[in-house]
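What you see below is based on every heavy atom in this structure, not just the backbone, and it leaves out hydrogens, waters and symmetry mates. Every value quoted in this text rests on a predicted model; they were computed, and no experiment measured them.
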Amino acid sequence: MSFLFEGLNPEQLNVVKSVEGPVLVLAGAGSGKTKALTHRLAYIIEQQLAQPDQILAVTFTNKAATEMKHRVDILLSESEIAKHFFSPSWLSTFHSFGAKILRLHASALGYQTEFTIFDDSDQISMIKKLLKDLNLDAQIEAKDAQKMINQIKSKKQIYFDKKPFGQKSQMIETIYLKYEKQMKANQAMDFSDLLFKTYQLFKNNKEILNFYQEQFKYILVDEYQDTNELQYELIRLLSMGHKNLCVVGDEDQSIYSWRGADISNILNFENDFQGASVFRLEQNYRSTQNIINAASEVIKNNQNRKGKELFTRNQEGELIDFIMEASDYEEAKAVARIVAQLVSQGDVSPKEIAILYRTNAQSRLLEEQLRLNSIPYRIFGGLKFYDRAEVKDVLSYMRLIYNPKDDVALRRIINVPARGIGKTSLDKIMMIASQNGFSLWETLYFVVEDKLLPAGTLSKIKDFLALLESLSAALSNRTLLEFYVFLLEQSGYLQSLKQDISAESQARIDNLEAFSNAIEQYMKESTEPTLSLFLEEMALVSDLDKMEQGQNTVTLMTVHMSKGLEFAYVFVVGLEEGLFPQARGGFMDPDDLEEERRLFYVAMTRAKKKLYLTAAQVRRVWGQEQMNPVARFISEVPKKCMVTNINRIGQRQSGFANRYRTQSANINKDVFESQSFYDETSSSLGASTGSSLNSWSQGGHVKHPHFGKGVIRQVEGDGEETRLTILFEGTLMKKFIAKYAKLERLS
């Protein structure tokens with residue numbers, strides 16, 4: 001059994017061996033938590049404490065689950081006792097776990113096992129239709145309705161609770177109940193349902209809950225800081241049987257409150273599960289000492305944390321570079337220039353470099369400069385491959401063949417490629433379906449039989465029905481890949497793209513070819529490849545799950561998407577108040593600020609060798625120049641860990657620039673926190689100050705209809721060209737053309 005303990009540090013070893021009762025593992029960034037978890041799982045199986053199917057292990061991405069399975073399988077293969085065992089069959093994401101439970105017990109909820117899983121776009125399509133049917137499409141946006149529906153489910157509202165919605169409660173209740181009815185008629189579940197209906201199943205069926213409480217002798221939850229109220233409750237219910245619950249997480253990396261994650265789940269674990277053992281994985285194996293020291297000091301400014309003292313035995317490494325440029329354009333140029341220098345040295349590959357930003361909109365300038373420098377790059381976080389129109393189209397064909405009640409899928413492909421069944425005909429078909437309580441597929445037969453549409457349209461509907469019947473028949477005697485090829489040919493979809501010689505059509509053909517590769521890969525990896533399981537995998541896949549590590553390109557992504565990844569060289573750009581940390585209207589709730597700091601901590605700890613932090617004195621937003629102070633996080637980095645460079649700000653501020661260049665390490669914290677810093681930063685970019693033709697004066701107090709009260713820090717130009725730089729409450733600095741700013745003078 002010694003092979004299970006090789007390479008583990010003392011705390012990792014404690015995590016592996018302490019398998020009884022509730023256990024909280026606080027795993028710092030880069031602390032080898034996956035190694036500890038996989039060895040723990042293998043230890044339980046090798047010691048015959050439980051069979052593989054008696055262990056429930058859940059995490060948040062398919063990629064993480066697959067990696068854990070692979071590692072456990074390798075460990076078990078070295079054991080004489082357990083070499084014929086495989087990794088736990090219940091090792092998956094939360095949503096995959098829910099889908100598996102519901103496939104087995106859907107009938108208890110009035111569903112058939114062949115239900116379809118709707119992704120976000122399918123859900124929006126359904127909501128848009130029902131809002132139109134209810135004549136509510138002018139009163140509420142589909143996106144807002146979707147958010148409220150998901151909120152209801154995340155709060156475990158088995159019965160609708162009107163309290164959170166105030167005056168809108170009646171409308172929301174109407175929408176929600178109609179939505180649930182329509183989803184059931186379509187035999188479809190959305191992402192929230194995979195957890196919510198599993199919760200319903202357990203709460204309303206004690207026998208089923210008791211069965212799984214007894215089955216799962218050991219439960220392990222990865223990334224516990226990211227769990228929401230519903231996930232917490234599911235785990236709590238299931239762990240009441242054997243009470244062997246191990247959760248692993250890092251409260252300092254809790255960055256998903258905007259999608260329901262509740263940091264109190266990890267902070268309160270010891271209160272919720274009495275007698276819990278607590279272990280801290282504090283040795284970082286990823287980053288240099290300098291990066292770890294800096295990140296640790298930054299995160300100590302948060303109050304809502306359990307506390308860890310990260311350390312590393314890695315080399316000290318280079319100092320962090322903080323670079324301030326005059327504008328966002330110059331910032332992007334500087335980043336691209338440094339990347340080009342790194343790559344040109346020959347010992348750094350583009351794939352070792354990542355550029356991280358707070359919002360996707362920041363990527364444009366970076367892309368331009370990377371292209372100008374002939375640097376290959378790839379963006380993550382844009383349109384997902386599986387959200388592309390052509391991929392959604394073929395998936396809709398597959399979904400409809402699998403589940404004939406899936407009206408959303410049928411509406412999407414009934415006239416794709418164009419076959420002469422237009423919107424007017426489809427509206428009539430949907431009205432007949434609604435009146436008779438039929439699915440759309442059933443309604444098509446009804447319309448043909450009773451000749452309820454013009455003869456020409458009926459002929460086209462007959463051809464469409466014949467296509468669906470031939471596809472259904474083909475599924476029974478072809479492999480999944482053969483079925484896909486048959487679908488493309490028989491539907492005419494591929495031929496219609498080939499007839500269009502545009503570059504866009506060729507790109508869509510290339511995507512369909514890539515999709516065939518995905519099917520082939522699925523068939524190789526699956527022991528029993530079926531259309532049902534393939535559709536489930538496609539519905540639950542995330543963009544990062546399909547991230548191709550082999551591509552030799554610079555990675556561009558938001559900080560949120562970077563969590564769990566690592567790169568030798570990392571650039572974190574746009575470190576200005578209002579952008580990162582992000583603030584709406586210039587004000588930040590203390591809890592929001594702590595989450596932004598955790599996000600910055602995540603960004604810092606992605607770097608293994610070198611970390612670059614950048615900011616711009618002027619950033620163009622919606623066509624206007626905006627000047628925000630440097631992010632407060634920069635002042636929290638210890639002086640000894642960072643060297644500062646302030647470039648290209650102009651001659652007028654040469655004293656300002658020189659003063660900061662003379663400091664060999666960090667910018668003085670007192671300077672950053674003082675009002676004089678903000679004043680000097682503002683004036684450094686300016687021309688003359690003083691009265692203008694319109695009597696705007698420096699120091700004057702004004703009020704803006706959106707940003708609130710502020711103080712004029714700078715006046716440039718005169719007459720209709722007068723420009724004002726205003727510092728609003730909350731240290732948000734913005735620049736306006738006075739003529740159009742809609743400002744109210746307060747003094």
Side-chain angles (χ1 to χ4, degrees), residues 12 15-16 23 25-42 44-45 52 55-76 86-100 191 194-195 218-228 231-232 234-235 245-256 259-261 265-266 281 284-286 354 380-381 384 386 521-522 525-526 536-550 555 557-567 602 605-606:
Q12 289 174 324
V15 171
V16 170
V23 174
V25 181
L26 296 170
S31 61
K33 67 160 185 169
T34 303
K35 184 171 187 175
L37 298 188
T38 52
H39 281 246
R40 178 187 173 92
L41 290 172
I44 291 171
I45 296 171
I55 304 171
L56 171 63
V58 287
T59 186
F60 277 81
T61 67
N62 292 311
K63 182 180 177 182
T66 300
E67 181 181 358
M68 288 177 68
K69 283 182 179 180
H70 178 66
R71 290 200 197 183
V72 173
D73 287 342
I74 290 175
L75 287 171
L76 292 177
F86 294 96
S87 55
S89 55
W90 290 90
L91 198 170
S92 68
T93 65
F94 267 103
H95 288 89
S96 293
F97 165 73
K100 188 172 182 179
F191 281 159
L194 297 180
L195 301 180
Y218 294 92
I219 298 176
L220 187 150
V221 184
D222 191 15
E223 303 288 2
Y224 190 65
Q225 78 281 347
D226 293 335
T227 54
N228 61 26
Q231 290 160 336
Y232 164 83
L234 281 171
I235 293 301
L245 170 64
C246 174
V247 304
V248 185
D250 182 2
E251 79 281 9
D252 292 334
Q253 297 187 70
S254 179
I255 58 174
Y256 295 113
R259 69 182 189 195
N265 288 349
I266 192 167
L281 302 183
N284 179 281
Y285 294 92
R286 175 187 299 154
F380 291 89
K384 295 179 183 177
Y386 294 98
Q521 185 66 26
Y522 163 76
E525 295 176 353
S526 177
E536 185 173 305
E537 182 174 306
M538 294 303 100
L540 297 177
V541 75
S542 71
D543 205 26
L544 279 181
D545 287 330
K546 294 298 179 182
M547 182 175 177
E548 297 177 33
Q549 301 290 346
T555 297
M557 60 171 56
T558 64
V559 182
H560 279 101
M561 287 200 70
S562 74
K563 188 167 174 292
L565 303 177
E566 59 182 39
F567 302 89
V602 166
T605 53
R606 299 311 94 197

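Shortest non-hydrogen contact noted between T93 and A65 is N-CB, 4.5 Å. In terms of heavy atoms, S254 sits closest to D226 at CA-OD1, 4.2 Å. Nearest approach of L281 to A36, heavy atoms of both residues: CD1-CB, 4.3 Å.
Taking NZ of K35 as the start and OH of Y285 as the end, the distance is 7.0 Å to the nearest 0.5 Å. In this structure, OG1 on T38 lies 9.5 Å from CD1 on I74, to the nearest 0.5 angstrom. Here L41 contributes atom CG and K69 contributes atom NZ; the two are 11.5 Å apart, rounded to the nearest 0.5 Å. To the nearest 0.5 Å, atoms CG (N265) and CD (Q231) are separated by 9.0 Å. Distance NE2/H560 to CD1/I255: 4.5 Å, rounded to 0.5 Å. With rounding to the nearest 0.5 Å, the separation of CD in E537 from OG in S96 is 8.5 Å.
The main-chain N or O of Y522 is never found under 3.5 Å from a side-chain atom of S526 such that the two would form a donor-acceptor pair. In terms of modelled atom types and a separation under 3.5 Å, the side chain of Q12 and the main chain of G32 share a donor-acceptor contact. The closest donor-acceptor contact from the side chain of N284 to the backbone of A29 lies under 3.5 Å. Side-chain atoms of S562 do not come within 3.5 Å of backbone N or O of L565 as any donor-acceptor pair. Side chain of T227 to backbone of Y224: a donor-acceptor contact under 3.5 angstrom is found.
Using a 4.0 Å cut-off between charged side-chain N and carboxylate O, K63 and E67 make no salt bridge. Salt-bridge check for D250 with K33: failed, with every basic side-chain N at 4.0 Å or more from each acidic carboxylate O.
S92 has its side chain out of reach of K100: every pair of non-hydrogen atoms, C-beta onward, lies at least 4.5 Å apart. Counting only heavy atoms from C-beta outward, the side chains of V247 and I266 never approach each other to under 4.5 Å. In this structure, H39 and R71 have side chains that are not in contact, with every pair of non-hydrogen atoms separated by 4.5 Å or more. The shortest distance between side-chain heavy atoms of L220 and I55 does not fall below 4.5 Å. With contacts defined as side-chain heavy-atom distances shorter than 4.5 Å, the pair Y256/K563 qualifies. The shortest distance between side-chain heavy atoms of V248 and L37 falls below 4.5 Å. Contact check for F380 versus T558: no side-chain heavy atoms found under the 4.5 Å cut-off. Contact check for F94 versus V221: side-chain heavy atoms found under the 4.5 Å cut-off.
Ring geometry, F97 versus W90: the interplanar angle exceeds 60°, so the pair is classed perpendicular (tilted spans 30 to 60°).
A donor-acceptor contact closer than 3.5 angstrom links the side chains of Q225 and E223.
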